[in-house]
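Here's the structure, in structure tokens; my notes come after.
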Amino acid sequence: MLVQTSSIVSSALVSSAIGYAIGWPVSKYFDSNTTMRLLLSPVIGLGIFGAAAVSIFHFLPITAINLILIVLGLSAVAFWLSKGTIDPLLRSPASPGFCWFTVAFLLCLLPAFEIIPQHYGGSVGVGQPIWDHAKIAIVNEIAQNGLPPANPFHSEAGSPNPLIYYYVWHFIAACSSVITGATGWEADIALTGMTALFSTFVVTWLAVARSRSAYAAWWPLPLLFVGSLKPAVRFVFGKWLDKWMAPEHGLQTWIIQAPWVPQHVFSGTLALIAIMAYLRILYSNAGRNMALAVFMGAILASAYGSSMWAGGLSLLLILPLVGALSVSHVLKVKRLLEVLISLSVTVVITLLCAAVLIREQSAILHTRKVVEFWVFPIFAGDYWFLDIPGFWLVLVFLEFGIIYLSFLIWSFARRSDDSKRYAHIDCALSVSVLAPLFCTQILHSVIMYNDLGWRVLIPSMLVMTALTSGLFSTTIGKGTLVGRLTTITAIILLTPSILVGAKSVYSNTFKFQVEGPDSEEGTAFKASPEMWQAVREVTPPNEAVANNPLDLASVTYTPGNISWAILSQRRHCGTTLDFLRAYAAQLTPKKASEIYNFFVRAFAGLATEDHLRIMKEKYRCRTLVVTSRDGLWGKPVLDNNSVYKLVSEKKGKWRIYR
């Protein structure tokens with residue numbers, strides 16, 4: 001089998017245990033309700049563990065014993081710093097029951113299912129999100145070779161080949177892999193599902209705690225699964241929409257991002273926790289803020305270390321604005337010195353935990369431009385002056401329809417009895433929605449795709465979902481103007497939005513096993529574990545292999561050599577161009593293209609002995625893997641050269657050279 005269910009389950013249990021062991025005592029700062037603390041604890045604990053353990057394991061080997069000791073140590077510190085009575089930020093009057101937990105768990109399995117192999121006849125296929133899970137190679141690299149991680153996507157003599165990527169989430173998956181013995185793919189599947197569940201937990205907590213309504217717990221479940229309204233508009237009006245809208249890639253809802261980029265969703269969820277911790281430090285005079293500042297620093301480092309956009313740039317925009325809005329209050333209650341000391345502690349802890357990540361990732365600035373200013377193109381043609389209002393009136397509405405419109409209703413119709421009591425929280429939540437959206441409108445990333453535009457707004461999306469859930473639970477069905485507007489919004493937009501989300505889930509989770517096709521490459525993909533097992537037997541974990549960058553190209557929607565990435569558990573010396581550009585960011589685009597073309601030509605059958613020598617000596621390809629699908633298969637140069645010798649084969653299928 002490609003993956004083992006038992007390994008996935010054990011990995012999920014390990015990550016949950018780590019989260020609860022460290023996060024449970026810290027959750028006292030956020031809510032007094034025991035059940036609601038169960039919702040908050042795992043993401044808090046994993047956030048603290050991620051950044052702290054990454055720093056520690058730059059000096060220690062990653063072994064099961066060391067991991068258990070570090071978890072116990074961090075848990076003891078968390079209990080010590082959180083001992084005694086603590087006045088929480090919020091006090092939820094109610095909480096969801098067992099039935100809600102069951103439904104939430106079952107729904108949050110769906111993002112994990114999207115990266116589980118699907119069988120049809122003699123073939124195996126995978127959903128489209130597997131392409132972004134090529135980063136499973138990072139999980140395996142960390143689990144096998146420790147920190148700092150070498151780049152599993154590229155190797156070159158004379159270069160340290162660092163991995164320039166935010167890898168805290170992948171480090172957490174690697175930890176569960178080390179403890180359970182699961183493969184990187186199995187650990188990735190488990191943490192993807194747990195990330196979706198923990199994200200749902202935090203949104204539900206915020207919805208219930210802010211609205212003070214137990215019914216608010218149920219609304220995030222359908223709302224997180226809504227999709228863009230664009231397909232619904234196309235269904236009704238045909239291609240009319242495409243004629244006047246720019247062909248720019250749109251934004252993405254939770255149900256798209258949760259299976260595709262769980263590391264960004266995890267980071268965005270941590271961002272919400274960090275914002276809530278920040279509010280308690282700014283507005284609570286109940287003490288114990290110094291200890292919370294320590295936890296907040298680790299959470300900020302993990303948020304940044306999992307996504308420089310969702311938990312890095314977004315918080316860099318949100319926190320200063322929220323802080324500026326609190327100045328009058330802080331001065332009024334004469335807490336300026338106390339707040340400054342607490343925030344100084346937060347900054348110090350953040351830098352201690354994130355410094356190594358910042359240093360590693362800053363290397364990209366020497367070779368690549370990261371972001372550019374722009375006005376997000378909305379309409380066809382060069383009409384930037386229309387694109388500015390069009391972003392807020394057209395694009396955001398089409399992409400986030402029901403939660404965006406409901407956020408606008410909430411903004412202008414907050415209940416008067418709560419408005420004063422929660423004014424500071426509401427103000428911070430509004431900033432958390434608007435600042436990332438504004439960032440998406442005026443900035444975009446240029447490393448490869450516009451990851452900035454899709455990921456920086458994850459905190460915004462989560463907050464809008466929580467506020468919509470609270471609004472629906474308290475106003476739907478009421479005869480007031482707000483009640484009627486809310487009811488109409490839900491009736492008109494909820495069903496088509498969920499249908500679009502359901503279509504995405506079906507396409508990535510069930511379509512292949514229902515419709516196929518049964519193909520030659522699907523059959524080869526199913527059989528590839530045997531080949532990679534043979535590769536591992538002759539290749540140490542710290543060496544790189546070479547195989548065709550376009551191997552099994554049709555398995556993924558974009559050619560990605562996915563078989564190597566998720567099954568080999570070994571480094572690669574020259575992968576697909578998209579992988580090189582995204583994960584070997586120290587390479588210029590020109591250099592990445594040259595490396596990619598070199599390997600493509602070689603495996604197309606054009607390799608000479610000199611090419612093989614360059615492959616082995618310059619790119620450190622100690623092992624060469626050739627399959628019967630490659631143009632290099634059967635070429636005389638493989639039998640008559642002084643560089644590689646045949647060490648293993650399966651007749652008519654594959655050959656391994658060293």
Side-chain angles (χ1 to χ4, degrees), residues 1-5 7-8 10-12 14-15 50 62 111-118 124-147 149-154 163 165-196 258-266 306-307 508 525-526 528-529 531-533 535-536 539 541 544-545 547 549 551-552 555-572 575-576 578-580 582-584:
M1 294 181 66
L2 297 177
V3 297
Q4 298 285 341
T5 302
S7 295
I8 296 172
S10 61
S11 293
V14 165
S15 60
I62 302 178
F113 284 165
E114 295 194 28
I115 52 173
I116 288 179
Q118 305 169 40
V124 166
V126 283
Q128 288 189 0
I130 197 66
W131 191 87
D132 243 359
H133 287 261
K135 292 181 281 288
I136 289 166
I138 300 174
V139 177
N140 286 319
E141 171 64 28
I142 294 173
Q144 295 174 142
N145 299 309
L147 297 174
N151 193 334
F153 299 92
H154 169 65
L163 174 68
Y165 192 74
Y166 25 85
Y167 56 79
V168 165
W169 186 90
H170 302 91
F171 165 78
I172 296 172
C175 290
S176 67
S177 172
V178 169
I179 292 174
T180 64
T183 66
W185 191 2
E186 292 162 345
D188 181 276
I189 292 169
L191 193 54
T192 296
M194 290 297 98
T195 298
W260 274 85
V261 287
Q263 72 274 23
H264 293 282
V265 173
F266 177 70
S306 298
S307 168
N508 294 321
F525 179 56
K526 182 179 182 179
S528 59
M531 179 186 77
W532 291 117
Q533 174 61 35
V535 170
R536 290 193 294 275
T539 309
V545 303
N547 82 305
D551 190 31
L552 303 181
V555 171
T556 50
Y557 83 105
T558 295
N561 198 356
I562 201 66
S563 174
W564 157 76
I566 64 178
L567 291 168
S568 73
Q569 300 178 46
R570 290 298 181 269
R571 300 171 182 170
H572 204 292
T575 53
T576 312
D578 285 350
F579 290 172
L580 287 173
Y583 310 125

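The line from CD of Gln569 to OG of Ser177 is 7.5 Å long, rounded to the nearest 0.5 Å. Asn140 CG to Arg571 CZ: the interatomic distance, rounded to the nearest 0.5 Å, is 11.5 Å. In this structure, the separation between CG on Asp188 and CD1 on Ile136 is 4.0 Å, given to the nearest 0.5 Å. The CD1 atom of Ile566 sits 11.0 Å away from atom CH2 of Trp532, with the distance rounded to the nearest 0.5 Å.
Looking at every heavy atom in both residues, Pro117 comes nearest to Leu2 through CB-CD1, 3.7 Å. The shortest non-hydrogen separation linking Ser563 to Leu552 is CB-CD1, 3.6 Å. Residue Pro129 comes nearest to Pro259 through the heavy atom pair CB-O, 3.8 Å, listed as atom of the first residue, atom of the second, then distance. Considering every non-hydrogen atom in both Leu567 and Ser528, the closest pair reads CD1-OG, 3.3 Å. Between Ile142 and Ala174, the shortest heavy-atom contact is CG2-CB, 3.7 Å. Scanning both residues, Pro559 and Thr576, for their nearest heavy atoms gives O-CG2, 3.1 Å.
Distance alone, capped at 3.5 Å, places no donor-acceptor pair between the Ser568 side chain and the Ala565 backbone. Checking side-chain atoms of Asn145 against main-chain N and O of Pro541 turns up a donor-acceptor pair under 3.5 Å. Panel note: side chain Arg570, backbone Thr539; a donor-acceptor pair is recorded below 3.5 Å. Judged purely by atom type and a 3.5 angstrom limit, His572 uses its side chain to pair as donor or acceptor with the backbone of Asn547.
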Evaluate the side chain to side chain contact (heavy atoms under 4.5 Å, CB included) criterion for residues His154 and Tyr583: first the C-alpha distance (whole Å), next the side-chain angles of each, then the deciding distance (0.1 Å), finally the verdict. CA-CA 8 Å; His154 169 65; Tyr583 310 125; over 6 Å; no
Full working for side chain to side chain contact (heavy atoms under 4.5 Å, CB included) between Phe266 and Ile172: CA-CA 11 Å; Phe266 177 70; Ile172 296 172; 4.0 Å; yes
List the steps, then state whether side chain to side chain contact (heavy atoms under 4.5 Å, CB included) holds for Ile130 with Tyr557. CA-CA 9 Å; Ile130 197 66; Tyr557 83 105; over 6 Å; no
Test side chain to side chain contact (heavy atoms under 4.5 Å, CB included) on Thr192 and Trp169; report intermediate values, then the result. CA-CA 10 Å; Thr192 296; Trp169 186 90; 3.7 Å; yes
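Qualifying side-chain contact (heavy atoms from CB on, under 4.5 Å) partners for Ala182, counting only residues two or more places apart in sequence or in other chains: Ser7, Ser11, Thr180, Glu186. Applying the side-chain contact (heavy atoms from CB on, under 4.5 Å) test to Ile116 and every residue at least two apart in sequence or in another chain returns Phe113, Ile189.
Contact check for Phe153 versus Ile138: side-chain heavy atoms found under the 4.5 Å cut-off. His133 places none of its side-chain heavy atoms less than 4.5 Å from the side chain of Val126. Side-chain contact check for Leu163 versus Glu141: every heavy-atom pair is 4.5 Å or farther apart. Using a 4.5 Å heavy-atom cutoff, the side chains of Asp551 and Trp564 are not in contact. Between Thr575 and Leu580 the shortest side-chain heavy-atom distance falls below 4.5 Å.
Relative ring orientation between Phe525 and Trp185 is described as tilted, the plane-to-plane angle lying within the 30° to 60° band. Taking the six-membered ring for Trp and thresholds of 30 and 60 degrees, Phe579 and Trp131 have ring planes inclined between 30 and 60 degrees apart.
Between the side chains of Gln263 and Tyr165, at least one donor N or O lies within less than 3.5 Å of an accepting N or O.
Two rings, from Tyr166 and His264, have their centers less than 6.0 Å apart.
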